[in-house]
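First the structure, in the form of structure tokens, and then the observations on it.
A, B, ... follow the sequence lines: proteins, then strands. Residue 1 opens every chain.
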2 protein chains.
Amino acid sequence: MALVVKKFGGSSVATTEKILNVAKRILNEKQADDKIVVVVSAMGDSTDNLITLAEGIDTQPYKSQYAREMDMLLTTGEQVSIALLAMAFQKLGHPAISLTGSMIGMLTNSVHTKGKILNIKPARVLEELDKGNIVVVAGFQGADKFGDPVTLGRGGSDTSAVALAGALKADECEIFTDVDGVYSADPRIVKNARRMKEITYVEMLEMARLGAGVMQPRSVEMGQYYNIPIHVRSTFTDKTGTIIREAYTLLEDKDFEIRGVSHDQKVAKIAVLGVENVPGIAHTIFSALADAHIDVDMIVQSIRNLEKNITDMVFTIALSDLPEAKKVVDVVAEKINAAAVLVEEDVAKVSIVGVGMLGKPGIAARMFGALAKANVNIDIISTSEISVSCLIKGSQLTEAVNSIHDEFFSD
Amino acid sequence: MALVVKKFGGSSVATTEKILNVAKRILNEKQADDKIVVVVSAMGDSTDNLITLAEGIDTQPYKSQYAREMDMLLTTGEQVSIALLAMAFQKLGHPAISLTGSMIGMLTNSVHTKGKILNIKPARVLEELDKGNIVVVAGFQGADKFGDPVTLGRGGSDTSAVALAGALKADECEIFTDVDGVYSADPRIVKNARRMKEITYVEMLEMARLGAGVMQPRSVEMGQYYNIPIHVRSTFTDKTGTIIREAYTLLEDKDFEIRGVSHDQKVAKIAVLGVENVPGIAHTIFSALADAHIDVDMIVQSIRNLEKNITDMVFTIALSDLPEAKKVVDVVAEKINAAAVLVEEDVAKVSIVGVGMLGKPGIAARMFGALAKANVNIDIISTSEISVSCLIKGSQLTEAVNSIHDEFFSD
């Protein structure tokens, strides 16, 4: 007997035909005494349709004044899918019941449209499982202390699935998605990228942070908090995918020195040139950006003229923040009398990740060597305990990722 | 200051433009210190669209096994309208909050898709009104003791509005609809039908029972139970409509001997001919119909042959029940050895209603006289304390209703 939470995204339940297929698949794989909880998102583009409706009231429905009502509106999306999926199980002859985020005891804070889970008391879920039901749960949503619906924001469905699995002490949380696991590099860029059988929470978090899109960091953190294995697998096949867990259980996967090569193209570089190097300069620039809610990633300060004590300040931000960041930096640059502000959009960040690099000198050097071999210039380098990242020209990304991947996954 | 519950149906909130119009109208009419609760149905045909979705899972989504999930599905319809209407008030500058049936403390039984209200504890509504909010409430829905959504079935939105008004001790419940009040006869049939300023619960119930479509009996009963005046008025104009209440307050309206002429074309007549008149015959026929959940309305038993003790049993049922009723009656007729079963679909019931006829002999006779004047033959007559009904040929309905109306509302 196993208690498993299975999460299906919006594209897996986009039509009633697909909903019936999801139900069939789950019943086919189910052992007689398995207890199954299915977490689903809203059908296909139904959330977008609801947002379009809201735009009929105000062209900017995401203004904070509307946040509570947007949650009231958007939570109907998952409520539709859970009702239909529960009906599908019943149609196929298996008892099932649907429960909203509020009904599974998922208590959130009251930050509407960007809620955080405070705790989960899934008594009703356990009760319905004991009655023999497959329990179909609305992802992406909980309720605050007033009983008002609250959505969890980006990546919320994965997060609620993993958190519910944790609260239920489930054996595993399966995340069904359009890829069949976590790869050593993006398979669209690296032909011989390998699918990992296992990866640790820490490595997955670092890869997600560095651009791997397969899992949102929030849900991986939730898995780590509850120590629930997360099985990332394909909606379209029944092959085993990748299990994200605390530590490796398979010798085979332990041997690699790095776990993977991540990349991120959605970055931009800003250089504030010719700044007088006096205390507080960095603080002036970066606190102005922080005030505008812009995250700064890599930072390098380099001396341009030692005698005149003139320095350059170079950093990267998310590409989507560039227009706002440029405005903020231009104002600061004038104030601190900088010589110039340069913006570069043709940049990308390539990173290697792996707990195996801890205490193994030479890993970073091998990465730089691989980049040199591909004739790729390095603009900025940054490191963490389990990763090394290099900012390079965006147009050289494919060569860079392949060369690094060949270096570490050559056999 | 007044506390008013206003109910708008699905066609009034069919588009976001209409939703904004509803919000504007309410704000225009609102006095500064009025407390307003708005009960709304699902947008236009959104409920039909949800049912179509469910039919993608099973062509018969109203099978009882699906009832709970249908409620989970259908309650999203009102949840969408309340969110959008609350946003519309906010957009127009007035604080507002939406609440589902569960959140207003509307406790129902667990008879999904046909729920009955057990009680209402609207603490949250009062709290939000005290904060200065317009409270926008999902009609047609409550929650049972498990917290599961339950819909109230036909006429449910009016019923929940009136019941909520009662629980809040509101001054009035306004029902906005596509007609501008209750008329002395159907204005589509009788050109000079009069709009009533007032009508009593008892008369309105009798008129509804006898075919007047403007209000469902359930919501009138609820108004009577709580003694809440129900103001039936038009969505399209701001004229006063008809107030349904315990007793008349206006002299003017007291004078009429009857309140109105109702009619019902959706009836059918069944005649079981040539039955031996022995004890238990009526019971045999009507208990078989009751077992098939078919309501019988008018009944007449007439002796055909006194010597042989042979009788005919004639009765009316709803036209929609005819196919099922015919099957049931054919079986019984064979069993009791009846001579024949005749079915007549070209029939209609015309009725006069009014508490004024109590203790006034001659009212019924004037009705029969009016029918005779119009050359309309009477097939069956039935009476209650405050009504007289005649079954006539369906094709003579217009003349019949007009002649009776002229008789009683001649000036």
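Here A:L73 is the residue among A:L74, A:L73, A:D71 with the most heavy-atom pairs under 4.5 Å with chain B. Counting heavy-atom pairs closer than 4.5 Å to chain B, the top residue among A:E17, A:Q65, A:R124 is A:R124. Heavy-atom pairs under 4.5 Å with chain A were tallied for B:I57, B:L53, B:T16, B:L84; the largest tally goes to B:I57. Most heavy-atom pairs under 4.5 Å with chain A, from the set B:I19, B:I97, B:D58, B:T100: that is B:I97.
For a residue to count as touching a neighbouring chain, one of its non-hydrogen atoms must lie under 4.5 Å from one of that chain's; by this rule A:L85 does not touch chain B. Heavy atoms of B:L50 lying under 4.5 Å from chain A belong exclusively to its side chain. For B:M103, the part sitting under 4.5 Å from any heavy atom of chain A is the side chain, from C-beta outward, and nothing else. Neither the backbone nor the side chain of B:P95 has a heavy atom closer than 4.5 Å to any heavy atom of chain A. Of the atoms belonging to B:A23, not a single heavy atom falls under 4.5 Å from chain A.
Within residues 127-153 of chain B, the residues approaching chain A closer than 4.5 Å by heavy atoms are, in numerical order, B:F146, B:G147, B:D148, B:P149.
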Test log, rule side-chain hydrogen bond (donor to acceptor under 3.5 Å, both in side chains), inputs B:Q79 and A:T75:
CA-CA 9 Å; B:Q79 196 172 326; A:T75 47; 3.1 Å; yes
B:V4/B:K6 under side-chain contact (heavy atoms from CB on, under 4.5 Å): CA gap, chis, key distance, verdict
CA-CA 6 Å; B:V4 181; B:K6 293 166 185 270; 4.0 Å; yes
Working note: B:I82 + B:V39, criterion side-chain contact (heavy atoms from CB on, under 4.5 Å); need CA distance, chi angles, decisive distance, verdict.
CA-CA 8 Å; B:I82 58 173; B:V39 175; over 6 Å; no
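Between A:M72 and A:R68 the shortest side-chain heavy-atom distance falls below 4.5 Å. The shortest distance between side-chain heavy atoms of B:V22 and B:F176 does not fall below 4.5 Å.
By the neighbour-count criterion of 12 heavy atoms within 6.0 Å, atom NZ of B:K63 is densely surrounded, having more than that number from other residues, nucleotides or ligands. Counting non-hydrogen atoms of neighbouring residues, nucleotides and ligands closer than 6.0 angstrom, the NZ atom of A:K30 exceeds 12 such neighbours.
Within the structure, salt bridge (Lys or Arg N to Asp or Glu O under 4.0 Å) contacts touching residues 158-173 of chain B (residues at least two apart or in different chains) are B:K7-B:D158.
The shortest non-hydrogen separation linking A:R25 to A:F236 is NH1-N, 4.3 Å.
A salt bridge between A:K24 and A:E29 is absent, with no side-chain N of the basic residue lying under 4.0 Å from a carboxylate O of the acidic one.
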